[in-house]
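In what follows, a structure is listed as structure tokens, so that the remarks can point back to it.
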Amino acid sequence: MQDILKDFAASEKNPKWQDIIKRETPLYHQEGDMRSHFLRDYTRIIHSSAYKRLRNKTQVFFSPQSDHICTRIEHVNHVESISYTIAKYLGLNTELTRAISVAHDLGHAPFGHKGEKFLSEISKREIGEPFWHERNGLIAVDETELLEDYEKCRRNLNLTYAVRDGIISHCGEVSDEGILPRETPIDLKKEFDSPSKFQPFTFEGCVVKISDRISYMGRDIIDAMDLAILPREKFVELEEELSEVLGKKINNTILINHFINDVCENSDSEKGIAFSPEIKNAIDILNDFNLKNIYRCKRVEYSDNYFKLVINQIFDLLAGAFDGNGTFKKLDEIAVFYPEIIRRFTSWLIGYTKHRGEEYKNKVIFDLNDEKDYKRAIITYISGMTDKFAIETYNDIISF
């Protein structure tokens, strides 16, 4: 039913409103600014460096020669479009879904989920905690992404609680019962200590979570067929299996249309954001199909060892420079052999330490006297790399 959730939208009438719009510190205002809380978040996100880098980060298929294969930035834009349609129909705040959508994957490492896996192995070994992209996305918007303000000072993004919450809670299974927002705000950094531990705080966050699922299942199939990874006959078998629910012919447009309409028709304040049992079963079939025929395909897995080598070699080079108070001096010594690598890393690192310049008004997040903190900085630095930049860095390491 149209507008069925309008009474639960992120608005001043919502009893959660003050928690929804809360920022870590007050955000400066420029005279004549007409933007809402969430439009300010949206523009801060799309002007950030992390958002720009998404265009050169793997979604599923690494380094495709075709310009028409989905990359990470296309994916977040697809999620934005889908979540907008659902939120608009249900009477929710579309500005909030847009902001969460474009930010939800800012924490992804180079090389997609495989890069995330290898970076997590390093993180668990070196600092005793896993790396997961949802939490890293929160770290990005809270700590590492910087924008110049009107005084040309570099500051943290300082987003609203609802957007930050939507980023860290966007992953996880969609149960048969649907997704209902949790009632209370939590300390996102301390309490959200593992992936998918909590549902989003807002209905808008729930919409983005389900839109994330909708956006990639059909698109991954189409991309796999375009790259000749998925045989046509396998796809025909899938069409036949799902024909009673989705019709005789399937493409990405048809799938997205079915899923969006189904969510809009089946969501309410009691079930939450939900699929019908029939569509939920079809989605489970699609997910299993993609897992077996695409994500675990040998052709896709051949590059895994290369990704692991690249990420580990970059980490090992930079980690070898730790020397407490003498770390920057040690980096200077290594710079004789790797001038561009060390210059870029040092320039980035110094902006988050007590040694940063007066134009930096952001948080100090790394203590170079602490070896774990230094290694955490390297992991964070690598996580922000595009596929292309990580490979260029690796090639600089091994070249003479």
Going from [atom1] on [X] to [atom2] on [Y], what distance comes out if it is rounded to the nearest 0.5 angstrom?
{"X": "Leu227", "Y": "His68", "atom1": "CG", "atom2": "NE2", "answer": "12.0 Å"}
{"X": "Ser383", "Y": "Leu106", "atom1": "OG", "atom2": "CG", "answer": "10.5 Å"}
{"X": "Tyr42", "Y": "Ile100", "atom1": "OH", "atom2": "CD1", "answer": "13.5 Å"}
{"X": "Ile214", "Y": "Ile82", "atom1": "CD1", "atom2": "CD1", "answer": "6.0 Å"}

*Would Ile279 and Phe259 satisfy side-chain contact (heavy atoms from CB on, under 4.5 Å), going step by step from the backbone distance to the final call?*
CA-CA 7 Å; Ile279 290 295; Phe259 297 158; 3.7 Å; yes
Is the shortest heavy-atom distance from the side chain of [X] to the side chain of [Y] under 4.5 Å?
{"X": "His78", "Y": "Ile256", "answer": "no"}
{"X": "Lys152", "Y": "Glu359", "answer": "no"}
{"X": "Tyr381", "Y": "Leu318", "answer": "yes"}

Salt bridge flag under 4.0 Å for residues [X] and [Y]:
{"X": "Arg125", "Y": "Glu121", "value": "no"}
{"X": "Asp387", "Y": "Arg72", "value": "no"}
{"X": "Lys329", "Y": "Glu333", "value": "no"}

Is there a path of hydrophobic side-chain contacts, each under 4.5 Å between heavy atoms of I/L/V/M/F/W/Y residues, joining [Y] to [X]?
{"X": "Phe389", "Y": "Phe118", "value": "yes"}
{"X": "Leu255", "Y": "Leu291", "value": "yes"}
{"X": "Val163", "Y": "Leu27", "value": "no"}
{"X": "Leu138", "Y": "Leu146", "value": "no"}
{"X": "Leu309", "Y": "Ile398", "value": "yes"}

*Under 3.5 Å, is there a donor-acceptor pair between the side chain of Asn14 and the main chain of Phe8?*
yes
*asked:* Using modelled atom types and a 3.5 Å cut-off, is there a donor and acceptor pairing between side-chain atoms of Glu145 and backbone atoms of Ser49?
replied: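 Side chain of Glu145 to backbone of Ser49: a pair is present.
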_Does Glu151 form a salt bridge (Lys or Arg N to Asp or Glu O under 4.0 Å) with Lys361? I'd like the steps, not just the answer._
CA-CA 11 Å; Glu151 295 178 334; Lys361 304 298 181 183; over 6 Å; no
*Evaluate the salt bridge (Lys or Arg N to Asp or Glu O under 4.0 Å) criterion for residues Arg376 and Glu129: first the C-alpha distance (whole Å), next the side-chain angles of each, then the deciding distance (0.1 Å), finally the verdict.*
CA-CA 10 Å; Arg376 182 179 288 106; Glu129 60 186 50; 3.6 Å; yes
*asked:* Could you walk me through whether Leu317 and Thr393 satisfy the side-chain contact (heavy atoms from CB on, under 4.5 Å) test, starting with their C-alpha distance in whole Å, then the side-chain angles of each, then the deciding distance to 0.1 Å, before giving a yes or no?
replied: CA-CA 11 Å; Leu317 173 69; Thr393 302; over 6 Å; no
*Walk me through it: do Asp304 and Lys308 pass the test salt bridge (Lys or Arg N to Asp or Glu O under 4.0 Å)?*
CA-CA 6 Å; Asp304 289 4; Lys308 185 173 185 177; over 6 Å; no
*Cation over ring, Arg40 on Tyr28, under 6.0 Å and within 45°?*
yes
_Steps toward side-chain contact (heavy atoms from CB on, under 4.5 Å) verdict (Thr184, Asp19)_ = CA-CA 9 Å; Thr184 56; Asp19 290 317; over 6 Å; no
Nearest non-hydrogen partners of [X] and [Y], listed with the distance:
{"X": "Ser196", "Y": "Gly172", "result": "OG-CA, 3.3 Å"}
{"X": "Ser169", "Y": "Lys209", "result": "O-CD, 3.7 Å"}
{"X": "Thr160", "Y": "Ile21", "result": "CG2-O, 3.7 Å"}
{"X": "Phe275", "Y": "Val263", "result": "CE2-CG2, 3.2 Å"}
{"X": "Leu331", "Y": "Ala321", "result": "CD2-CB, 3.4 Å"}
{"X": "Ala390", "Y": "Phe111", "result": "CB-CZ, 4.0 Å"}

*What pairs with Glu191 under side-chain contact (heavy atoms from CB on, under 4.5 Å), at least two apart in sequence or on another chain?*
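Once residues adjacent in sequence are excluded, the partners of Glu191 under the side-chain contact (heavy atoms from CB on, under 4.5 Å) criterion are Ile186, Asp187, Phe198.
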*Determine, step by step, whether Lys57 and Asp105 satisfy the salt bridge (Lys or Arg N to Asp or Glu O under 4.0 Å) criterion, reporting the C-alpha distance in whole Å, the side-chain angles of both residues, the deciding distance to 0.1 Å, and the verdict.*
CA-CA 10 Å; Lys57 287 195 173 189; Asp105 270 354; over 6 Å; no
For [X], I'd like to know if atom [atom1] has over 12 heavy atoms of other residues, nucleotides or ligands within 6.0 Å.
{"X": "Arg343", "atom1": "CZ", "value": "yes"}
{"X": "Lys88", "atom1": "NZ", "value": "no"}
{"X": "Lys197", "atom1": "NZ", "value": "yes"}

*Check the angle between the aromatic planes of His104 and His170 and answer parallel, tilted or perpendicular using the 30° and 60° thresholds.*
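Correct class here is perpendicular.
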*Over 60° means perpendicular and under 30° means parallel, so classify the ring planes of His108 and His113, tilted if in between.*
perpendicular
*Would you please test His47 and Tyr51 for side-chain contact (heavy atoms from CB on, under 4.5 Å) and show each step?*
CA-CA 7 Å; His47 287 293; Tyr51 177 78; over 6 Å; no
